[in-house]
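Please read the structure below before turning to the comments.
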Amino acid sequence: MKIGNVFASADISATGLRAERMRMEVAAGNIANANATRSPDGGPYRRQQVVFETQLQSALGGIVSQGSQNQLGGVGIVGIESDRSPFPKVYNPGHPDADADGFLQMPNVALPMEMVDLMTASRSYEANLKSLEVFRRMAEQTLELMRG
């Protein structure tokens with residue numbers, strides 16, 4: 001094993017921590033705007049979602065060969081996209097944003113889906129953190145063995 005690869009597992013966990021933190025921030029923003037019928041773009045708030053890619057695939061240009069098992073990667077954030085699903089309509093003629101027929105377009109945010117996203121991101125964050133903790137303990141034990 002090359003000495004440069006010693007910290008590769010910590011680097012991979014760090015990319016996972018960054019990616020899951022961003023996912024939790026986006027889910028929290030979606031929950032906060034679940035009832036926003038006006039956005040700066042006009043119309044109701046549109047749900048946002050994070051797009052991930054593995055850094056191994058991006059380093060290889062999307063081609064993963066069988067001999068590439070020794071190369072390590074992580075998770076990268078490609079961007080944040082808007083969910084293009086249609087807005088649900090509710091009948092609320094008294095609302096100032098309702099159309100002439102009394103229907104109001106609501107944000108395409110489903111709170112149960114956001115809670116599931118938030119929980120899975122939280123669990124993934126914890127798993128990456130646990131991995132870093134195990135790496136730290138292994139490094140400490142290795143240093144203790146080297147001291148004699």
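Bear in mind the structure is a predicted one, so any value in this text is a computation, not a measurement.
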Subject >> Distance, nearest 0.5 Å, that separates OH of Tyr125 from NZ of Lys130 >> reply: 14.5 Å

**OP:** Kindly say whether Val116 contributes a backbone atom to a donor-acceptor pair with the side chain of Thr120 at under 3.5 angstrom?
**Re:** yes

Original post:
So do the side chains of Leu132 and Leu17 get within less than 4.5 Å of each other, counting heavy atoms only?
Top reply: yes

Original post:
Which distance, rounded to the nearest 0.5 Å, do you find between the CG of Asp99 and the OH of Tyr91?
Top reply: 10.0 Å

Original post:
Should Glu20 and Val75 count as side-chain neighbours, where that means a heavy-atom distance under 4.5 Å?
Top reply: no

**OP:** Using atom types as modelled and distance alone, determine if a side-chain donor or acceptor of Asn108 lies under 3.5 Å from a backbone N or O of Asp83.
**Re:** yes

**OP:** Look at the side-chain heavy atoms of Ile, Leu, Val, Met, Phe, Trp and Tyr, link any pair under 4.5 Å apart, and say whether Met24 and Met115 land in one connected group.
**Re:** yes

Subject >> Closest contact, heavy atoms only, Val50 versus Arg23 >> reply: CG2-CA, 3.9 Å

Subject >> Contact summary for Gln48 and Ile80, nearest pair of heavy atoms >> reply: OE1-CG2, 3.6 Å

Subject >> Heavy-atom pair of closest approach, residues Glu114 and Val109 >> reply: CG-CG1, 3.7 Å

Subject >> Any Arg46 side-chain heavy atom under 4.5 Å of Pro107 side chain >> reply: no

Original post:
Looking at residues at least two apart in the chain, or sitting in another chain, which of them share a salt bridge (charged side-chain N to carboxylate O under 4.0 Å, His left out) with Arg137?
Top reply: Glu133

**OP:** State the OG1-CD distance between Thr142 and Glu144, to the nearest 0.5 angstrom.
**Re:** 10.0 Å

Original post:
Is there a donor-acceptor pair closer than 3.5 Å between any side-chain N or O of Ser13 and the backbone N or O of Ala10?
Top reply: no

Original post:
Between atom CE of Met106 and atom NZ of Lys89, what is the distance when rounded to the nearest 0.5 Å?
Top reply: 13.5 Å

Original post:
Run the side chain to side chain contact (heavy atoms under 4.5 Å, CB included) check on Ile31 and Leu118 step by step: do they pass?
Top reply: CA-CA 10 Å; Ile31 291 169; Leu118 201 55; 4.1 Å; yes

**OP:** To the nearest 0.5 angstrom, please state how far the CD atom of Glu25 sits from the CE atom of Met22.
**Re:** 5.5 Å

Original post:
According to a 4.5 Å side-chain heavy-atom criterion applied to Ile, Leu, Val, Met, Phe, Trp and Tyr, with indirect links allowed, do Tyr45 and Leu104 form part of one hydrophobic cluster?
Top reply: no

**OP:** To the nearest 0.5 angstrom, please state how far the CG atom of Asn92 sits from the CG atom of Asp97.
**Re:** 10.0 Å

Original post:
Is there a side-chain contact between Phe52 and Ile77 (heavy atoms, below 4.5 Å)?
Top reply: yes

